[in-house]
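Numbers here simply count residues along the sequence, with the first being 1.
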Amino acid sequence: MKLTAALRPFAAALLLAATALPVTAAPVSAPTTTAAADNPAAHPNFSVRVVGKGAPMLLIPGLTCPGAVWDETVARYQKQYQCHIVSLAGFGGVAAPASTDSLLRNVRDQLLTYIQTQKLNKPVVVGHSLGGFMALWLSTTRPEALGPLVIVDSLPFLAAMQNPDMTVAMARPMAISMRQQMTGKMPVAMARQMSATMMTDTARISQATRWSLASDPATVGQAMYDLYTTDLRTELGRIKQPVLVLGAWAAYKDYGSTKESTKAIFERQYAALPQHRVEMSEAGRHFLMWDDTAWFLQQTDAFLKQSAVARR
C-alpha cells in the first residue's frame with residue numbers, strides 16, 4: 001500500500017481510530033428564510049441550531065465533531081445567510097442515538113425532511129469530511145432540494161481512495177472489522193495523536209481530542225462502516241448544482257504525497273459530477289476551515305458569489 005494515499009489526513013483519522021480500537025460573499029438572490037417551528041422529535045439523529053438571517057445555509061460537521069466546529073464559518077456568514085448548524089447524535093458529547101441501524105441513511109432522510117418542513121429554498125450546504133459525504137448524498141437523493149455545495153476534504157467513496165477499482169463488496173470485510181474494533185473509549189494519547197494528524201494548532205488539537213473522547217464509540221464505528229460501504233461515485237451525475245471541492249494533502253508530503261497526486265485522486269472520484277471544481281490547499285490539513293481559514297473563506301466567498309450571480 002502506498003503511503004501517498006494511505007496516510008492522507010482524511011483517511012488516516014478513520015483508520016487510526018479503528019486500529020487503535022478576505023472578500024465578503026454577495027448574498028444570493030433567494031428570499032430571506034423564515035424558520036418554521038422545529039420539531040426535534042422528527043430528527044432524533046441530529047439537532048439543529050439556527051443563527052443569522054438571509055438565504056438558507058446548512059452546515060454539517062465531520063466524524064466526532066459537533067456543530068461548534070463551524071463557529072468561525074457561521075460568524076463569517078450569519079449576516080447574509082440563515083445558518084442551520086447540525087450536530088449529529090453521538091458525536092462530540094451529543095447524546096447517542098437510540099439505534100445505530102442504518103445510521104447515515106437515517107441522517108440523510110431526516111435532513112431531507114428537515115429541509116422540506118423548514119421550507120429551506122435550495123440551501124447552500126457546507127460539509128466537512130463525513131458532512132461533505134452527507135451533502136453529496138442529500139443531493140444525489142433529491143437534486144432539486146439543494147443549492148450549491150461546498151465539500152471540505154471529502155470523497156464520494158472513501159474506500160476507493162487507494163484503489164479506484166474498489167467495490168462495496170470488496171470494502172465490506174474491512175468495514176466490518178473497523179466497526180467491531182470500536183468497542184470502547186479511545187485512549188487519550190491515541191485520540192490526541194489522531195487529532196494532530198488533521199490540524200496544526202495546539203488549542204484546536206485539544207478541542208478535537210475532547211470531542212473525540214466524548215463521542216459514542218458504537219455510533220462512530222457505525223458511521224465509519226457506512227462511509228466505507230456507500231459508493232456515491234456513479235450517482236454524482238444526478239447533481240445539477242455547482243459544487244466546490246476543497247482538498248488537503250500537505251500533512252503527509254514527507255511520505256510521498258504531492259498536491260498533484262492528491263488532486264488526481266479527487267478528480268478521479270468526482271469525474272461524474274457535472275459542475276464541480278477541485279481546489280487544493282497549499283498547507284492546510286484535514287480541518288481546512290481551521291487550518292487554512294483565510295484560504296477556505298476566500299474560496300467559499302468567491303464560489304458563493306459566483307453561484308449567486310448564476311442563479312439570478
Side-chain angles (χ1 to χ4, degrees), residues 13-14 17-18 20-21 35-51 58-70 83-118 120 123 125 127-142 145-146 154 158 168 171-172 174-187 191 194 207-232:
L14 299 184
L21 337 305
D38 187 23
N39 176 19
H43 47 82
N45 283 90
F46 62 86
S47 58
V48 184
R49 182 168 65 97
V50 181
V51 177
L58 189 68
L59 299 106
I60 311 174
L63 194 75
T64 77
C65 293
V69 75
W70 294 115
C83 299
H84 296 249
I85 309 147
V86 174
S87 290
L88 300 183
F91 290 175
V94 180
S99 172
T100 59
D101 291 345
S102 302
L103 179 68
L104 294 191
R105 185 176 294 273
N106 286 338
V107 171
R108 180 201 69 179
D109 292 346
Q110 291 170 27
L111 280 170
L112 287 171
T113 299
Y114 178 83
I115 291 169
Q116 181 177 359
T117 59
Q118 291 295 298
L120 304 185
V125 184
H128 172 240
S129 196
L130 179 154
F133 172 88
M134 184 58 62
L136 294 170
W137 206 6
L138 292 171
S139 193
T140 58
T141 305
R142 284 194 57 197
L146 275 62
S154 188
L158 177 61
V168 169
R172 185 166 285 114
M174 175 179 61
I176 291 172
S177 177
M178 292 169 64
R179 183 174 59 184
Q180 289 173 341
Q181 292 181 63
M182 294 297 293
T183 56
K185 295 292 185 182
M186 187 184 301
M194 182 180 71
Q207 179 62 78
T209 300
R210 289 192 293 270
W211 285 339
S212 179
L213 294 171
S215 296
D216 174 60
T219 304
V220 175
Q222 184 62 46
M224 293 164 62
Y225 174 88
D226 291 350
L227 282 171
Y228 270 76
T229 56
T230 308
D231 183 359
L232 300 179

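Taken to the nearest 0.5 Å, the CZ atom of Arg179 stands 9.5 Å off from the CZ atom of Arg172. Here the CE atom belonging to Met178 is positioned 4.5 Å from the OH atom belonging to Tyr228, to the nearest 0.5 angstrom. Once rounded to the nearest 0.5 Å, the distance linking CZ of Phe133 with CG of Asp226 reads 8.0 Å. To the nearest 0.5 angstrom, His84 atom NE2 is 12.0 Å from Ile60 atom CD1. How far NE2 of His128 is from CG of Leu63: 10.0 Å, rounded to the nearest 0.5 Å. Annotation: the span from Phe46 atom CZ to Leu111 atom CG amounts to 4.0 Å, rounded to 0.5 Å.
In terms of heavy-atom proximity, Pro123 sits nearest to Ala145 at CD-O, 3.3 Å. A pairwise comparison of heavy atoms in Cys83 and Leu59 identifies CB-CD1, 3.8 Å as the closest pair. Residues Leu103 and Pro97 come closest through the heavy atom pair CD1-CG, 4.1 Å.
Using a 4.5 Å heavy-atom cutoff, the side chains of Leu213 and Lys185 are not in contact. Looking only at side-chain heavy atoms (C-beta outward), Leu130 and Phe91 come within less than 4.5 Å of each other. Between Gln116 and Leu112, the closest side-chain pair of non-hydrogen atoms is not below 4.5 Å. Side-chain contact between Asp38 and Gln118 is present, with at least one heavy-atom pair separated by less than 4.5 Å. The shortest distance between side-chain heavy atoms of Met186 and Pro217 does not fall below 4.5 Å. For the pair Leu88 and Val107, the minimum side-chain heavy-atom distance is below 4.5 Å. Annotation: side chain of Trp70 is not in contact with side chain of Val86 (no heavy-atom distance under 4.5 Å). The shortest distance between side-chain heavy atoms of Leu104 and Thr230 does not fall below 4.5 Å.
In this structure, the side chain of Thr113 engages the main chain of Asp109 through a donor-acceptor pair within 3.5 Å. At least one donor-acceptor pair closer than 3.5 Å links the side chain of Thr140 to the backbone N or O of Trp137. Without hydrogens or angle criteria, Thr64 side chain to Trp211 main chain gives no donor-acceptor distance under 3.5 Å. Formation of a donor-acceptor pair under 3.5 Å by the Ser87 side chain with backbone atoms of Gly67 is found in this model.
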Checklist entry - Checking side chain to side chain contact (heavy atoms under 4.5 Å, CB included) for the pair Leu146/Ile115: CA distance, chi angles, key distance, verdict? => result CA-CA 9 Å; Leu146 275 62; Ile115 291 169; 4.0 Å; yes
